[in-house]
Amino acid sequence: MSMERIWAPWRMSYIQSADRPSEEPFPAEKLLPGGDPGCFLCRAAADPEPPERLVITSDSLTVTVLNRYPYNNGHLLAAPRRHVGDLTEITLEEHQALMLSLSRMVELLRRVMNPDGFNVGLNLGQAAGAGLPGHLHWHIVPRWNGDTNFMPVLADVKVIPQSLEAVRDLLRASLVGDAGGASLAQDAGGPAPR
């Protein structure tokens, strides 16, 4: 029996990213007030259009991006546009907009990717596993029956079957095609009507 090889080239960029800056310098004048130029969510909120930001949708209060290092295919991060690191610091309007965004993204992923379930959660603080403790973000992870196997246990490897660019294009195309002509992929001055 020969050993099967599974290639996951994006893992190398993750492994090597620990020792280098996350992205090119970002002009501070483009950031929202209080934004952090080193925060990928602040850069996505301030300038959502470049494909490398992996923005799925944004509105006046929230931004949703693909996780660059996903636990599973379609793994999204929903965050307030404002750089804020604790639940007690977000406004009632941001709470409401984020919960609506989470619901919409679950609905979008269900329609486009047909998962069997979801993990939706928030890691609050580094001790709880927050990789970016300064900017709150919820994880939305699609799950399929049988999506766990021996790879993470034996090899510490998770195989993601689709590129981030392909998932981004698929989700954004579905948003543009949503009924009523309203696109969640563009700023509508607030949460898009349901």
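Values below: all heavy atoms of this structure, side chains included; hydrogens, waters and symmetry mates excluded.
A donor-acceptor contact closer than 3.5 angstrom is absent between the side chains of S60 and R81.
A search for salt bridge (Lys or Arg N to Asp or Glu O under 4.0 Å) contacts involving R82 returns E94, not counting sequence neighbours. Remark: D169 pairs with no residue by the salt bridge (Lys or Arg N to Asp or Glu O under 4.0 Å) rule, at least two apart or across chains.
For the side chain to side chain contact (heavy atoms under 4.5 Å, CB included) with L98, the qualifying choice from L122, L136, I90 is I90, the only one to do so.
Rounding to the nearest 0.5 angstrom, the gap separating the CG atom in D36 from the CG atom in L31 is 7.5 Å. Of the inter-residue distances, the one linking N67 atom CG with N72 atom CG reads 11.0 Å to the nearest 0.5 angstrom. Note that CH2 of W138 and CG of N123 are 11.5 Å apart. Values are rounded to the nearest 0.5 Å. For the atom pair CZ (R104) and CG (D59), the distance works out to 8.0 Å, reported to the nearest 0.5 Å. Considering CZ of R143 and CE of M113, their distance stands at 13.0 Å, rounded to 0.5 Å. In this structure, CZ in R168 is found 7.0 Å from CG in L54, a value given to the nearest 0.5 Å.
The two residues N114 and W144 come nearest to each other via the heavy atoms O-NE1, 3.3 Å. For P133 against Q126, the heavy-atom pair with the smallest separation is CG-CG, 3.6 Å. Contact between M105 and I140 at its shortest, heavy atoms only, is CB-CD1, 3.6 Å. Shortest non-hydrogen contact noted between L132 and F40 is CD2-CE2, 3.5 Å. Contact detail for A45 and L32: the closest heavy-atom pair is CB-CD1, 4.0 Å. Across all non-hydrogen atoms, the minimal contact from A44 to V55 is CB-CG2, 3.7 Å.
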> Can you list the steps and then say if R53 with D47 is a salt bridge (Lys or Arg N to Asp or Glu O under 4.0 Å)?
Replying inline: CA-CA 8 Å; R53 300 235 194 282; D47 188 15; 3.7 Å; yes
>> Quick one, V65 with I56, criterion side chain to side chain contact (heavy atoms under 4.5 Å, CB included). Give me CA distance, side-chain angles, the key distance, then yes/no.
In response: CA-CA 5 Å; V65 303; I56 300 303; 5.9 Å; no
>> For a side chain to side chain contact (heavy atoms under 4.5 Å, CB included) check, start with the C-alpha distance between L109 and F118, then their side-chain angles and the critical distance, and finish with the verdict.
In response: CA-CA 9 Å; L109 290 165; F118 293 90; 3.7 Å; yes
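Here the side chains of T64 and S101 are in contact, with some heavy-atom distance below 4.5 Å. Residues L76 and L66 are in side-chain contact: their nearest non-hydrogen atoms beyond the backbone lie under 4.5 Å apart.
Within the 3.5 Å criterion, the main-chain N or O of M99 finds a donor-acceptor partner in the side chain of S103. Listed for the R43 side chain is no donor-acceptor partner under 3.5 Å among the backbone atoms of P48.
For H139 and H137, the distance between ring centers is under 6.0 angstrom.
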